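Down below is the structure, laid out as structure tokens.
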Amino acid sequence: MKNVDRQIKDITITLPDGAQRTYPSGTSALDVATDISPGLAKVVIAAKIDGELSDLSLPIINDAALELVKKDADEALELIRHDCAHVMAQAVQKLFPGTQVTIGPNIDNGFFYDFARDEPFSSEDIEAIEKQMRTIIQRGDAFVREVWDRDKAIAYFKDKGEAYKAEIIEDLPEGEDIKVYRQGQGDDGWLDLCRGPHMPTTRHVGDGFKLLKVAGAYWRGDSNNAMLTRIYGTAWRDKKELKAYLHQLEEAEKRDHRKLGAEMDLFHFQPEAQGSVFWHPQGFTIYNQMEGYIRRRLNDAGYDEIKTPQLIDNKLWEKSGHWGKYRENMFVVPDEVPQGSDDGTHDGPILSDKAFEKLMALKPMNCPAHVQVFNQGIKSYRDLPIRLAEFGCCHRNEAHGALHGLMRLRQFTQDDAHIFCTEDQITDEAVGFCELLQNVYSDLGFDDVAVALSLRPETRVGDDALWDKAEEGLRKALVKTGLEFREDPGEGAFYGPKIDYQIRDAIGRTWQCGTLQLDFNLPERLDASYIGEDGNKHRPVMLHRAILGSLERFIGVMIENYSGKLPLWLTPTQVVVATITDKADAYATALQEKLVAAGVRADLDIRNEKINYKVREHSHAKVPYIYVVGAREAEEGTVAIRELGGKDQLVKNVDDAIAGLVDDAKAPF
RNA sequence: GCCGCGGUAGCUCAGUGGUAGAGCGCGUCAUUGGUAAUGACGAGGUCGGGAGUUCGAUUCUCCCUCGUGGCACCA
């Protein structure tokens with residue numbers, strides 16, 4: 001056994017099954033594993049000492065609980081990915097001397113490493129790096145942990161030209177161990193500043209990894225800093241797991257709402273209106289169904305729907321504070337008739353110098369306009385709460401790089417509403433909203449909702465008593481609705497605490513859609529008031545709230561969640577009546593008309609094509625039902641129903657079929 | 001906005017320093033067929049825009065533009 005010379009005392013090692021073993025102090029986890037069985041020693045990759053993941057080789061000084069971590073453990077992926085990042089960095093520096101390393105953390109499903117290099121990495125470079133990584137892994141160099149003196153470490157990295165690493169060490173708190181992990185010897189040697197732990201050797205990384213993409217990233221995530229080159233990779237226990245993950249990526253790509261949107265003829269984008277949607281008839285059917293559904297829900301929950309102007313004088317935006325805080329995201333329009341020209345060429349300046357004297361802005365939010373509606377007339381405490389809803393079309397001047405299909409637009413429609421209430425009504429209103437939101441998400445097929453309560457930030461408006469009341473009001477509401485939630489101190493907006501709702505989709509991605517935000521600021525700025533029981537003026541509390549967030553974006557999320565196979569009530573074309581021969585044309589036409597009359601979105605396909613062709617085409621278009629009719633059905637007054645993806649047909653008489661379909665196609669509310 | 005990659009027919013993509021090709025789709029004709037590809041023929045492209053190099057540019061270079069993957073942003 002190693003380290004016997006350092007033996008001072010015996011320590012007790014407790015294994016997960018409760019068994020206790022005695023070893024000399026300084027024994028490593030690997031020693032323990034070897035002692036238990038040589039076979040075990042071969043498959044362990046790390047240790048958990050008193051619950052903390054550590055290197056196998058680390059000497060254990062005192063009594064400890066020890067868990068030996070094998071490749072099938074959850075923690076194994078962390079280790080594999082992190083080691084893989086080290087191997088990648090070594091490969092990069094071997095192939096591209098002069099490249100500086102910066103940071104390389106694990107992320108979901110993989111890792112990245114940021115490098116500072118003048119030239120970007122080409123796809124051939126990436127292949128070469130991967131090849132080099134395999135060489136390093138096959139060599140099976142041991143990861144060796146060393147603790148360095150701080151100044152020595154800084155000097156070492158500075159001397160090597162690793163300015164970023166030196167900077168990282170300089171920023172580490174005084175007194176923290178500067179740990180370095182070395183892998184390989186001489187020419188094939190490499191080391192990196194690292195918190196660890198690592199697996200025993202590079203060979204343990206295995207072959208379940210792949211480099212995925214190269215991207216730019218700012219040093220320390222700050223756009224004022226230098227742009228580094230980031231290489232993303234994914235790593236798994238073995239090739240099989242890797243393959244499964246890559247397959248999953250492909251599947252996710254197939255669901256991309258932009259791709260499905262084009263295939264299903266739902267909408268398009270074009271350069272003349274970047275970031276804004278051209279809805280096609282099929283897509284707008286979905287949009288209208290969604291809007292109608294939310295409208296019914298809001299109406300039922302006691303909201304009043306309004307519509308407010310698109311273009312509003314910037315004076316209002318100044319008053320609301322948006323001009324100061326949000327201007328760079330606003331589209332500003334001069335309130336001036338563009339200049340004509342006498343000769344009809346329109347060559348002259350479009351606007352006069354005075355154009356800037358009066359500016360209008362396309363609204364980026366609806367709230368100031370809603371306060372204007374509230375402010376009309378005198379409100380009594382008896383009128384509260386007042387809930388004003390609007391399918392508000394907003395324009396935001398988003399950075400070009402941020403635009404992404406329906407998910408991030410410059411013009412979008414919020415299912416927005418503002419509740420004006422008293423401080424005492426906060427909890428009831430929040431409860432009401434939470435319930436409404438849960439019902440809506442559940443109707444739309446999202447049952448996994450994560451809730452976060454964001455509390456007061458450093459800089460804020462409103463006194464602490466108000467914040468106390470507001471935060472407590474929201475907390476109480478969440479407890480009352482029985483929703484599980486997390487609290488995020490300091491994450492609230494400057495104008496009030498908020499609740500954010502995240503839904504999880506069919507492939508595990510999360511989307512932040514719903515929100516409930518208290519606002520102490522805007523009623524003050526825009527002088528909203530009501531007359532209280534005491535006959536005096538009071539400020540109402542304002543709640544901003546949305547369930548879908550953006551109608552467009554939510555439809556994008558729905559398309560991806562359902563892979564385009566939306567619930568029947570949202571599907572643009574619910575059924576196609578398709579004929580086998582033209583002998584059934586008249587019967588099919590009558591059937592389709594009957595369906596339409598019953599409120600079903602039904603198309604007719606009496607083209608001169610074979611039934612195979614029609615079935616294939618409509619299946620591709622994801623039409624949920626195909627009603628096939630031929631001479632037989634025409635004679636018997638029936639229809640052969642083919643469900644999307646199904647192989648069998650169900651023959652029903654026409655009236656039963658229609659009644660059943662109408663029932664299935666009912667909106668959930 | 002920043003870094004990288006890309007833009008060739010309606011769509012997906014191949015290709016070349018001598019003005020272009022496939023599959024699907026589209027049109028016409030034939031086919032009257034029973035549940036995911038019937039056959040034949042045909043139309044369709046200033047190869048994203050501009051400038052440069054060249055006898056000649058879709059191809060090479062530069063600029064612009066749009067898209068895209070990240071980063072930053074998302075009061």
Side-chain angles (χ1 to χ4, degrees), chain A residues 107 112 114 117-123 125-126 212-232 253 256 258-259 262-263 265 268-275 320-330 364-365 367 396-405 407-410 412 457 459 461 492-496 498 512 517 519 521-522 544 549-550 553 578-585 606-621 623 626-633 640-651:
Chain A
I107 49 172
F112 67 76
D114 284 348
R117 180 174 184 243
D118 294 337
E119 294 279 299
F121 295 104
S122 65
S123 38
D125 292 342
I126 294 300
L212 294 178
K213 56 196 170 194
V214 186
Y218 298 108
W219 168 235
R220 300 204 150 158
D222 185 337
S223 57
N224 296 314
N225 289 342
M227 176 70 68
L228 307 171
T229 300
R230 173 173 298 180
I231 303 179
Y232 283 95
E253 222 169 282
D256 190 313
R258 294 166 300 180
K259 193 176 144 83
E263 279 172 12
D265 194 17
H268 84 270
F269 296 93
Q270 65 186 52
E272 287 83 354
Q274 345 170 356
S320 71
H322 289 87
W323 197 248
K325 288 212 177 229
Y326 202 68
R327 192 171 62 196
E328 58 213 36
N329 283 296
M330 291 167 68
M365 293 172 202
C367 23
R396 293 184 186 174
N397 199 341
E398 303 284 4
H400 289 77
L403 302 175
H404 181 90
M407 303 304 190
R408 192 84 178 264
L409 292 165
R410 295 177 126 187
F412 59 96
T459 40
V461 300
F494 74 90
Y495 48 75
K498 60 174 180 173
Q512 213 253 283
Q517 308 187 2
D519 191 338
N521 185 237
L522 210 54
H544 307 254
S550 142
R553 189 171 100 111
T579 48
I580 291 170
T581 73
D582 58 10
K583 290 189 190 76
D585 281 4
I606 53 173
R607 290 175 302 170
N608 175 19
E609 297 291 351
K610 290 178 75 168
I611 192 64
N612 276 329
Y613 182 91
K614 295 182 184 182
V615 165
R616 186 181 139 76
E617 193 177 277
H618 300 307
S619 298
H620 271 160
V623 174
I626 302 172
Y627 281 10
V628 178
V629 293
R632 198 156 66 217
E633 286 76 12
I641 302 171
R642 188 198 161 96
E643 197 172 348
L644 179 58
K647 284 215 158 48
D648 308 323
Q649 307 133 49
L650 185 65
V651 179

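Convention: sequence-line order gives letters A, B, ...; per-chain numbering from 1. If you're wondering where the values come from, they're calculated on a predicted model, not measured in any experiment.
Residue A215(A) is in base contact, counting any heavy-atom pair closer than 4.0 Å across all strands shown. Across all strands, T581(A) comes closer than 4.0 Å to base atoms (heavy-atom distances). Within 4.0 Å (heavy atoms only), G324(A) reaches no atom of the nucleic acid at all. Within the nucleic acid shown, R117(A) has no heavy atom closer than 4.0 Å to any nucleic acid atom. If you check every strand for non-hydrogen atoms under 4.0 Å, F121(A) touches nothing. Heavy atoms of K614(A) sit nowhere under 4.0 angstrom from any nucleic acid atom.
Side-chain proximity of R258(A) to C73(B), U68(B), C66(B): nearest is U68(B). In the set A72(B), C74(B), C66(B), C74(B) carries the atom at the smallest distance from any side-chain atom of R396(A).
What separates CG of N329(A) from C1' of G1(B) is a distance of 12 Å, to the nearest Å. A straight line from CD of Q270(A) to P of G48(B) spans 18 Å, rounded to a whole angstrom. Summarising the geometry, the separation between CZ on R408(A) and P on U68(B) is reported as 13 Å, rounded to the nearest angstrom. Computed from coordinates, the H400(A) NE2 to C5(B) P distance equals 20 Å when rounded to whole Å. In this structure, CG of N224(A) is placed 12 Å from C1' of G1(B), rounded to the nearest angstrom. Taking atom CG of L403(A) as the reference point, atom P of C2(B) lies 14 Å away to the nearest angstrom. Between E328(A) atom CD and C74(B) atom P the separation is 8 Å, expressed in whole Å. Rounded to a whole Å, the CD1 atom of I126(A) is 18 Å from the P atom of G69(B).
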(message) Pair D222(A), R220(A) - check salt bridge (charged side-chain N to carboxylate O under 4.0 Å, His left out), show working.
(response) CA-CA 5 Å; D222(A) 185 337; R220(A) 300 204 150 158; over 6 Å; no
(request) Could you check K614(A) against T579(A) for side-chain contact (heavy atoms from CB on, under 4.5 Å), going step by step and ending with a plain yes or no? (result) CA-CA 9 Å; K614(A) 295 182 184 182; T579(A) 48; 3.0 Å; yes
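Look at the P atom in both C29(B) and A22(B): the space between them is 24 Å, to the nearest Å. The gap from the C1' atom of G44(B) to that of A9(B) amounts to 6 Å, rounded to the nearest Å. The gap from the C1' atom of U8(B) to that of G21(B) amounts to 10 Å, rounded to the nearest Å. Rounded to the nearest Å, the gap between the C1' atom of C55(B) and that of U19(B) is 15 Å. Separation of the C1' atoms belonging to C13(B) and G17(B) is 23 Å when rounded to the nearest angstrom. Comparing G1(B) with A57(B), their P atoms sit 32 Å apart, to the nearest whole Å. For the P atoms, the distance linking U68(B) with U16(B) amounts to 27 Å, nearest Å. As rounded to the nearest Å, G10(B) and G6(B) have P atoms that lie 23 Å from one another.
Taking side-chain N and O atoms only, K213(A) has a distance below 4.0 Å to OP1 or OP2 of G70(B). Considering only side-chain N and O atoms, R230(A) lies nowhere under 4.0 angstrom from the phosphate OP1 or OP2 of G4(B).
Here the closest non-hydrogen pair linking I611(A) and A578(A) is CD1-CB, 4.2 Å. The two residues N225(A) and Y218(A) come nearest to each other via the heavy atoms O-CD2, 3.6 Å. Closest heavy-atom contact between T229(A) and R117(A): OG1-O, 4.4 Å. The nearest pair of heavy atoms linking Y326(A) to P364(A) is CE2-CB, 3.6 Å. Annotation for D114(A) and A217(A): closest pair OD2-CB, 4.1 Å, computed over non-hydrogen atoms. The heavy-atom pair separating H618(A) from I626(A) by the smallest distance is CB-CD1, 3.8 Å.
To the nearest 0.5 Å, the span separating NE2 on H544(A) from NZ on K498(A) amounts to 11.5 Å. Summarising the geometry, atom CD belonging to E643(A) is positioned 10.0 Å from atom CG belonging to D648(A); distances are rounded to the nearest 0.5 Å. With values rounded to the nearest 0.5 angstrom, N329(A) atom CG is found 5.5 Å from E398(A) atom CD. Note that CG of L409(A) and CZ of F269(A) are 5.5 Å apart. Values are rounded to the nearest 0.5 Å. Considering NE2 of H322(A) and CE of M330(A), their distance stands at 7.5 Å, rounded to 0.5 Å.
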Check: protein-nucleotides 7-15 of chain B nitrogen or oxygen pairs below 3.5 Å:
none

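Within 6.0 Å of atom CD in E328(A), 12 or fewer heavy atoms from other residues, nucleotides or ligands are found, so the atom counts as exposed in its surroundings.
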(request) Could you run through nucleotides 34-39 of chain B and give me one letter per nucleotide, 5' to 3': B if any protein heavy atom sits under 4.0 Å from the base, S if only the sugar-phosphate is that close, - if neither? (result) BBBBB-
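Within 3.5 Å, a donor on the side chain of Y218(A) pairs with an acceptor on the base of G1(B), or the reverse.
Place H404(A) and H322(A) on RNA chain B by their nearest nucleotides, and H404(A) ends up nearer the 5' end.
Helical stems involving RNA chain B, defined as 3 or more consecutive Watson-Crick or G-U pairs under 3.5 Å, span B:1-7 with B:65-71, B:10-13 with B:21-24, B:26-30 with B:38-42, B:48-52 with B:60-64.
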